[in-house]
Amino acid sequence: MTAERDEDFLEDRQENGVETNHYSSIPPSPSPEDQDEAFSTYFEQKVHIPDTGNQIFSFRKLWAFTGPGFLMSIAYLDPGNIESDLQSGAKAGFKLLWVLLGATIIGLLLQRLAARLGVVTGMHLAEVCNRQYPIVPRILLWLMVELAIIGSDMQEVIGCAIAFNLLSVGRIPLWAGVLITITDTFVFLFLDKYGLRKLEAFFGLLITIMAISFGYEYVIVKPDQGELLKGMFLPYCAGCGPVQLEQAVGIVGAVIMPHNIYLHSALVKSRDVDRKNKKDVKEANKYFFIESAVALFVSFLINVFVVAVFAEAFFNKTNMDVNAMCNATGSRHTDLFPMNNDTLEVDIYKGGVVLGCFFGPAALYIWAVGILAAGQSSTMTGTYSGQFVMEGFLNLRWSRFARVLLTRSIAIIPTLLVAIFQDVQHLTGMNDFLNVLQSLQLPFALIPILTFTSLTSIMNDFVNGLVWKISGGILILMVCVINMYFVIVYVTALNSVLLYVLAALISVGYLCFVAYLAWHCLIALGVSCLDCGSRLQRGLRRHTDVYLLNDMDCDMQVDR
């Protein structure tokens, strides 16, 4: 650190002879572009936080902080999650609801880390990664997260396209639904020009539509409440086999999504929090956690609606049963269900069809409306994720339209190709592949967020405590192991020697990169014996305002 930097740092720490506390050691670096036209995504205005005195809890303040958590929770309601829910109900009945509950709680704890990083540092996870990792790991991280966003976006856009197909009685083909989704997403994304709160209210409306739509299905099916509660709170799965185990792993993989960690750490920056004031930062962390808990509780209820509907109505049903019912009601989709006694296999498209066969056309159309709301909202938040990730990792300073166009194109082009060359009735296999793709990317969000929130040099007084470090490490290890099992199950089912060899080669590089990130994470967690050699020898970037993997107080930084 140069002498000039030292003096600047000390001056920043002292105002009028009184030492002040800056609860982030990594303020964003100024750049020439900052002096030009204001650069922002989603943050063209910041929501003012009202002063309510010394109240322990204020609904006014909670309302001011309400918004980012609900946008984040949409990732728990995307079409991939809905499909996982309905398959869980159809294959295991109510028996895996406790897995859904556990995955949602784990998700809440991980989202807490993401929100705290954004609040305390004033930077989101992609920006922190950009400043702390060397260029090669940084580029690799960006590519991995982009792959996760592309996979998620493909599920979301195709979910919208399927909803349009169902609502139009097949008149709108899959590719046309994709084009419609692209167009209306561009329109909706510019709603924040009319005010941040209006945009958040629009997302709230979409969540409400989902709750009403899937809640309607729940009411007409009338699931057994006793079985539902037993499945939710008794962590046991009587009579379950490999199919149910794979489905349980799939639930975890669908609920906890890597790009959502990056998204949430960015969304919390939309509130006007004085990061120089420890009390304000602490208060923001509290209210963001409460808001996230409420938002994920709502998303959990919606997911439960879907699981319960298919558990009650279609668990242990055969293709023959559904075929007979569809024939009796005159459905035009009877050919989807062959005349055999195999267990019913459902996806988002077939799910709507069987609801229509058993509970009338209204059930089908209301299901499609719910899927459309889920797909539309999640593809919009996915676009925000893409912008945050690309800007953070690559430090882009482009116009708003150029950024939206690029981030949408990266995900939309492969989605459109799939829609053109794939039939709407045969998308389940692709959805499984996309779930595997996102499972592979989980370590590239979970490991960095635990690393940076465990460093005093970054988080200061808000660094993870010992309990959080241990429990966070265990949670992340558990989630990664579960999802890797899901990947292994998927790959071994491919039955191709060439694919096995290719998977083995990719796995070597993949595991080496995960080991690199895990090594730094363990050092941040306090395993000092792994900290061999100087930071420069390890190729880590050095900054005048923060040192990765070395928790130092202010005096130590100045002495350096």
Side-chain angles (χ1 to χ4, degrees), residues 22-24 27-28 34 37-75 108 111-128 188-208 260-299 377 380-385 387-388 391-392 400 403-404 462:
H22 288 246
Y23 288 92
S24 169
D34 293 335
E37 182 182 355
F39 169 74
S40 63
T41 301
Y42 182 83
F43 308 126
E44 292 187 355
Q45 59 174 310
K46 290 197 174 186
V47 176
H48 173 69
I49 307 301
D51 184 5
T52 57
N54 294 320
Q55 290 181 326
I56 296 176
F57 179 82
S58 167
F59 281 104
R60 283 184 62 205
K61 279 197 173 179
L62 179 60
W63 177 247
F65 282 104
T66 297
F70 281 90
L71 268 68
M72 168 274 296
S73 72
I74 286 170
L108 173 62
Q111 299 298 160
R112 173 187 178 272
L113 295 181
R116 286 172 69 87
L117 180 71
V119 171
V120 174
T121 67
M123 303 177 70
H124 57 75
L125 180 56
E127 291 175 315
V128 178
F188 291 145
L189 278 172
F190 286 93
L191 283 176
D192 61 357
K193 285 289 188 181
Y194 298 96
L196 180 60
R197 297 298 269 175
K198 290 184 176 66
L199 176 70
E200 292 173 346
F202 178 70
F203 280 100
L205 174 63
L206 293 176
I207 293 175
T208 303
N260 207 36
I261 304 295
Y262 288 86
L263 174 68
H264 198 197
S265 67
L267 293 175
V268 297
K269 292 169 59 179
S270 62
R271 268 47 186 179
D272 188 14
V273 177
D274 182 7
R275 293 192 299 111
K276 298 179 182 180
N277 188 314
K278 179 179 179 180
K279 177 178 176 294
D280 286 357
V281 174
K282 185 177 181 180
E283 189 176 64
N285 285 330
K286 178 182 74 174
Y287 282 107
F288 275 131
F289 180 73
I290 295 172
E291 185 237 3
S292 297
V294 173
L296 289 187
F297 177 71
V298 172
S299 71
S377 57
M380 290 167 65
T381 54
T383 301
Y384 278 124
S385 299
Q387 292 182 62
F388 294 138
E391 292 158 5
R400 180 181 178 80
R403 284 180 274 132
V404 174
F462 298 95

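Position 1 is the first residue of the sequence; numbering continues from there.
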Test side chain to side chain contact (heavy atoms under 4.5 Å, CB included) applied to Lys61 and Ile290, step by step: CA-CA 11 Å; Lys61 279 197 173 179; Ile290 295 172; over 6 Å; no
Given side chain to side chain contact (heavy atoms under 4.5 Å, CB included), test Leu108 with Phe297 step by step and report yes or no. CA-CA 10 Å; Leu108 173 62; Phe297 177 71; over 6 Å; no
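What you find for Arg271 and Ile49 is that their closest heavy atoms are CG-CD1, 3.8 Å. Across every non-hydrogen atom of Ser377 and Phe203, the tightest pair is O-CE2, 3.6 Å. Pairing each heavy atom of Ser292 with each of His264, the nearest pair is OG-CE1, 3.3 Å. The two residues Val47 and Ala64 make their nearest non-hydrogen contact at CG1-O, 3.6 Å. The two atoms that bring Thr381 and Ile74 nearest to each other are OG1-CG2, 3.9 Å, heavy atoms only. Scanning both residues, Glu200 and Pro68, for their nearest heavy atoms gives OE2-CD, 4.0 Å.
A salt bridge (charged side-chain N to carboxylate O under 4.0 Å, His left out) check over residues 285-297, counting only residues at least two apart or in different chains, returns nothing.
Under the rule for a ring-ring contact (aromatic ring centres under 6.0 Å, His included), the partners of Phe202 that lie at least two apart in sequence or sit in another chain are Phe188. Among residues two or more places apart in sequence or in another chain, the salt bridge (charged side-chain N to carboxylate O under 4.0 Å, His left out) test is passed with Arg60 by none. Qualifying ring-ring contact (aromatic ring centres under 6.0 Å, His included) partners for Phe65, counting only residues two or more places apart in sequence or in other chains: Tyr287, Phe288. For Ser299, the side chain to side chain contact (heavy atoms under 4.5 Å, CB included) partners at least two apart in sequence or on another chain are Ser73, Tyr76, Leu77, Leu296.
Ser265 has its side chain out of reach of Met123: every pair of non-hydrogen atoms, C-beta onward, lies at least 4.5 Å apart. You'll find the side chain of Phe70 reaches within 4.5 Å of the side chain of Val294, heavy atoms only. Counting only heavy atoms from C-beta outward, the side chains of Phe289 and Arg116 never approach each other to under 4.5 Å. Using a 4.5 Å cut-off on side-chain heavy atoms (C-beta onward), Leu125 and Phe388 make no contact.
Within 6.0 Å of atom CZ in Phe59, 12 or fewer heavy atoms from other residues, nucleotides or ligands are found, so the atom counts as exposed in its surroundings.
Atoms OG and CG, on Ser385 and Leu267 in that order, are 7.5 Å from each other to the nearest 0.5 Å. Considering NZ of Lys278 and CG of Asp280, their distance stands at 12.5 Å, rounded to 0.5 Å. Atom-to-atom distance recorded for Met72:CE and Leu263:CG is 8.5 Å, nearest 0.5 angstrom. How far CG of Leu117 is from NZ of Lys269: 10.0 Å, rounded to the nearest 0.5 Å. Here the CG-CD distance, from Asn277 to Glu283, works out to 9.0 Å after rounding to the nearest 0.5 Å.
Using modelled atom types, one side-chain atom of Arg275 and one backbone atom of Thr121 make a donor-acceptor pair closer than 3.5 Å.
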